[in-house]
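Below is one structure, written out as structure tokens, with a few remarks after it.
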There are 2 protein chains.
Amino acid sequence: MNRAFLAALLLSAAPAVAQQSIAKLPPPVVADPRVERLRDDALANDHYAWDIVEALTTEVGQRLAATEAEARARDWAVKRLTAMGFANVHVEPFTMPVWTRGAESAEIVAPFPQKLAITALGYSGSTGPEGITGQIVYFPTVDALRAAPDSAVAGKIVFIDHHMMPAQDGSGYGQFGAPRRQGPTIASLKGAIGIVIRSIGTDHHRNPHTGVQYFTDGAKPIPAGALSVPDSEQLIRILARKQPVTMHLTLVSQKSEGGHSGNVIAEVPGRDPTAPVLLVGGHLDSWDLATGAIDDGAGVAITTAAARHIMDAGRPLRTIRIVWFGAEEPGGFGGAAYAKAHGKEPHAIAGESDFGADRVWRFSSQLKTSDPAAYAQLAASLAPLGITRNDKGDADGTDVEPTIAAGAPWISLNQDGTRYFDWHHTPDDTLDKIDPVQLRQNVAAWTAMLAVLSGGIESGAKQPKRR
Amino acid sequence: MNRAFLAALLLSAAPAVAQQSIAKLPPPVVADPRVERLRDDALANDHYAWDIVEALTTEVGQRLAATEAEARARDWAVKRLTAMGFANVHVEPFTMPVWTRGAESAEIVAPFPQKLAITALGYSGSTGPEGITGQIVYFPTVDALRAAPDSAVAGKIVFIDHHMMPAQDGSGYGQFGAPRRQGPTIASLKGAIGIVIRSIGTDHHRNPHTGVQYFTDGAKPIPAGALSVPDSEQLIRILARKQPVTMHLTLVSQKSEGGHSGNVIAEVPGRDPTAPVLLVGGHLDSWDLATGAIDDGAGVAITTAAARHIMDAGRPLRTIRIVWFGAEEPGGFGGAAYAKAHGKEPHAIAGESDFGADRVWRFSSQLKTSDPAAYAQLAASLAPLGITRNDKGDADGTDVEPTIAAGAPWISLNQDGTRYFDWHHTPDDTLDKIDPVQLRQNVAAWTAMLAVLSGGIESGAKQPKRR
């Protein structure tokens, strides 16, 4: 570009939006300087969150729900939370069905023999070690499968495609996740012998995305797997040659009842034990393919670090309750167990962090209507972190939803999900995906939120030393 | 930034480099308009290269040297090259040792039980199906291993780290590839029971990078594998806890003599059968973990597409010889076989494309000294594609090196390797990594090179129809 022209352009640029008269603005809200100090200290100096997620992913690794690995994670969590100086550290156990993965592979037998990268979906039926062989029948969407006659599907292996793209708010996961959630049941009811889907993901790596699904409506469990995105595209190219495509599919898995899981709970005791508590947390379990750094080691780390910053500053009026929920991935068992045990207790807020480790970019809360002054304080305290109000937001979060349904007011600190579905539920969910700077921004946001809603922090009480 | 300040900055910016007097410049060189037309047509319209690499990777998939898959690839290649209208399409077979991969896994047994992603290196020894168990001994570099006393290594599993970073010219591969090339032999000679290395790669995905190594100096073959980069970093974090780390390693493989491979050769016949030929190509074989789109489906596609553009334009004076070399990955067997058969024949140039599918950014050639006028024409014809002269460049390319050593003048069209080692030798080397626009730029560059060195193209002869 010509420099003089560029210069002229820059100098002449007019504001894009007409300005409102300042006389019509709502009354000014200024953040509490004590909140700002805590927030900015966390933003600059937090190490608690990194230390937790680094140690959890290194020393425990994957922690599939209701397995021995998740039990090791609970033991680790109790030790860690106790060492960090939290009070009332304990496990609240529950039982649930347990599903575990065995050998898995997919191979095009004809017309172009080759192996494809696949992983089983949660609660998939098992092919047994010999696997199954069948012709592939292609559907571009889950609705195309629903619309197909049974005769087009019976005896075959269904393949469902979709076109999920990255989105900052993760909004594609609902619509484009349908092949995973509904596809296996629909395929089974139409007589398919198996189903493979294009991974619900936005990357192009040979790492398939697992995730939970259930067989409903009386459908018989059939083998159900996800091909990686490159392998799905390869299968589509093979199908485009218009010859019958035969796949040999091996997805071995086991399911049994009576598995053991549990929630790990810790508290920062408030000065008023009768005041409604601030409930924050994430989930401790992960899928078995990776170490669960972003899903959800980061979430437990962020919320716990924030609570610890409050504890470092003094004693809040309200109790802060941290929950590391068990067994979220197979269907929110920990969240349901917590609500069953505690849903009737008074909560001042309920919020979880479970969308990776990238920065918080907006927030929403029921406090907008139930406590506008607190909402305004939150907005003023979070804005310097680049966090905007989302006045139209909804409650979300598998683990806190049952407690919110029981009456707790909700808050959502939304993380940037643009990169999230590149790694979600894949072997790639590892520590290197966490950006320490963005992680600290998360801790600062949660610290500010807890500080605003704490009812006031009384400093001077003896605090444990930082470690 | 303040707009007025930015504008002032832009308007005042002075040239960074003092200018040479134009009177001292060498004589001007203007590209031949006929070359420019061919080049620009390829840049805008080429579909041959994409069609070849799409079909090869889809219809054949992986093509490990000296296996049935590589034989299928040769059959496919003969059909394809014949259908494209090339002359003298044939296979020149040779024999070689064949190495194939079996089951492979790595597991930390203590102190933190977990699985790590691993793949065997070429010609690795086999653990047998039961695997081996040993304590990990860490070395930050291959030289640190060389410096270690045998007593620190004997009976253990060596782990070698390194710090390879992306580079446009791929220059890290030489130095940082040493753990792969030399590590297994050194470890074996010191009495190690196995070796794992950090993948020679620049990505952070759970996809290990394989690659060839040989046991030299009388070293006994031991199991030798590469951990993915995230798994290597995980192992380093585990080792940082200063407890003994035990690994269970399973790397099953088989090696036998008398495998069959071959070079596939095709020609655009020149008007003068006695004129030295233009030799171009890439390698047909791939590693077995992926479909070999960038290594080296792209290379055979680019060079073949360029030859086809010359053929479309008419009949060159010189014969263009396309070679799809066999068995490059296990050690350049195809290149050696070609040189043995044809190295004494006169070649006007020898060049290969084997560094991915990203754009050509510079070139170098022996013609700089042996035929400065042709070199200047090449420079003028390639510059509009953003390709700069590299006057200090060297010959490179495993497959053409033996022919160059036998006397053929060399040319190197260097591709941008910034992303190459993210995918090189991993399961991620798939078609989606190829950018069609950059692929066409490659074809345009090779077309221009062939046109400049063709000795003149006589148009008007009947040409096969485009397909």
Side-chain angles (χ1 to χ4, degrees), chain A residues 1-13 54-55 57-63 68-69 72 76 103 108 111-117 203-207 228-241 243 288-291 293 422-423 426-433, chain B residues 1-13 54-55 57-63 68-69 72 76 103 108 111-117 203-207 228-241 243 288-291 293 422-423 426-433:
Chain A
M1 189 183 289
N2 177 291
R3 281 179 179 166
F5 176 76
L6 174 63
L9 190 74
L10 289 168
L11 290 168
S12 72
E54 192 268 355
T57 56
T58 300
E59 297 173 11
V60 181
Q62 70 88 7
R63 350 176 242 291
E68 168 275 335
R72 268 192 287 125
W76 185 95
I108 301 295
F112 308 126
Q114 55 192 284
K115 291 181 183 170
L116 302 178
D203 63 305
H204 271 89
H205 296 287
R206 302 282 301 285
N207 289 315
S228 84
V229 173
D231 289 274
S232 301
E233 294 181 350
Q234 177 80 339
L235 180 52
I236 290 164
R237 284 189 293 269
I238 292 170
L239 288 160
R241 266 67 179 175
Q243 300 175 51
D288 52 338
L289 302 177
T291 60
D422 288 355
W423 308 314
T426 75
D428 262 345
D429 179 2
T430 48
L431 186 66
D432 48 279
K433 307 309 179 302
Chain B
M1 189 184 290
N2 177 292
R3 281 181 180 164
F5 175 75
L6 175 62
L9 190 73
L10 288 169
L11 289 169
S12 72
E54 192 268 353
T57 57
T58 300
E59 297 173 11
V60 181
Q62 70 88 6
R63 339 172 255 291
E68 167 276 333
R72 268 192 287 124
W76 184 96
I108 301 295
F112 309 126
Q114 55 192 283
K115 291 181 183 168
L116 302 179
D203 63 304
H204 271 89
H205 296 286
R206 301 283 302 284
N207 289 315
S228 84
V229 173
D231 289 273
S232 301
E233 294 181 349
Q234 177 80 339
L235 180 53
I236 291 164
R237 284 189 292 268
I238 292 170
L239 287 161
R241 266 67 179 175
Q243 300 177 51
D288 52 338
L289 302 176
T291 60
D422 288 357
W423 308 314
T426 75
D428 262 347
D429 179 2
T430 49
L431 186 66
D432 47 279
K433 307 309 180 299

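Side chains are part of it too, since the values below use all heavy atoms of this structure and drop only hydrogens, waters and symmetry mates. Every chain is numbered from 1, with letters handed out A, B, ... down the list of sequences.
- When B/Glu59, B/Glu54, B/Arg72 are compared by the number of non-hydrogen pairs under 4.5 Å with chain A, B/Glu59 comes out ahead.
- Between A/Arg241 and B/Thr58 there is a side-chain heavy-atom pair separated by less than 4.5 Å.
- With a 4.5 Å cut-off on non-hydrogen atoms, A/Asp428 touches chain B through its backbone and its side chain both.
- Applying the side chain to side chain contact (heavy atoms under 4.5 Å, CB included) rule to A/Pro111 yields the partners A/Ile238, A/Gln243, A/Val245; only residues at least two apart in sequence or on another chain are considered.
- Remark: A/Ser232 engages A/Phe159, A/Arg198, A/Leu227 in a side chain to side chain contact (heavy atoms under 4.5 Å, CB included) (not counting sequence neighbours).
- Neither the backbone nor the side chain of A/Ala69 comes within contact range of chain B; no heavy atoms are under 4.5 Å apart.
- Your options are A/Ala117, A/Gly61, A/Pro113, and the one with the most heavy-atom pairs under 4.5 Å with chain B is A/Pro113.
- For A/Lys115, no part sits under 4.5 Å from any heavy atom of chain B, backbone or side chain.
- A/Gln234 places a side-chain N or O within donor-acceptor distance of the main-chain N or O of B/Thr57, the cut-off being under 3.5 Å.
- Salt-bridge formation is not detected for the pair A/Lys433/B/Glu233: no Lys NZ or Arg NE/NH1/NH2 atom is positioned less than 4.0 Å from an Asp or Glu carboxylate oxygen.
- Residue contact with chain A, scored on non-hydrogen atoms closer than 4.5 Å, involves the backbone of B/Leu289 exclusively.
- In this structure, B/Arg206 and A/Thr430 have side chains that are in contact, with non-hydrogen atoms separated by less than 4.5 Å.
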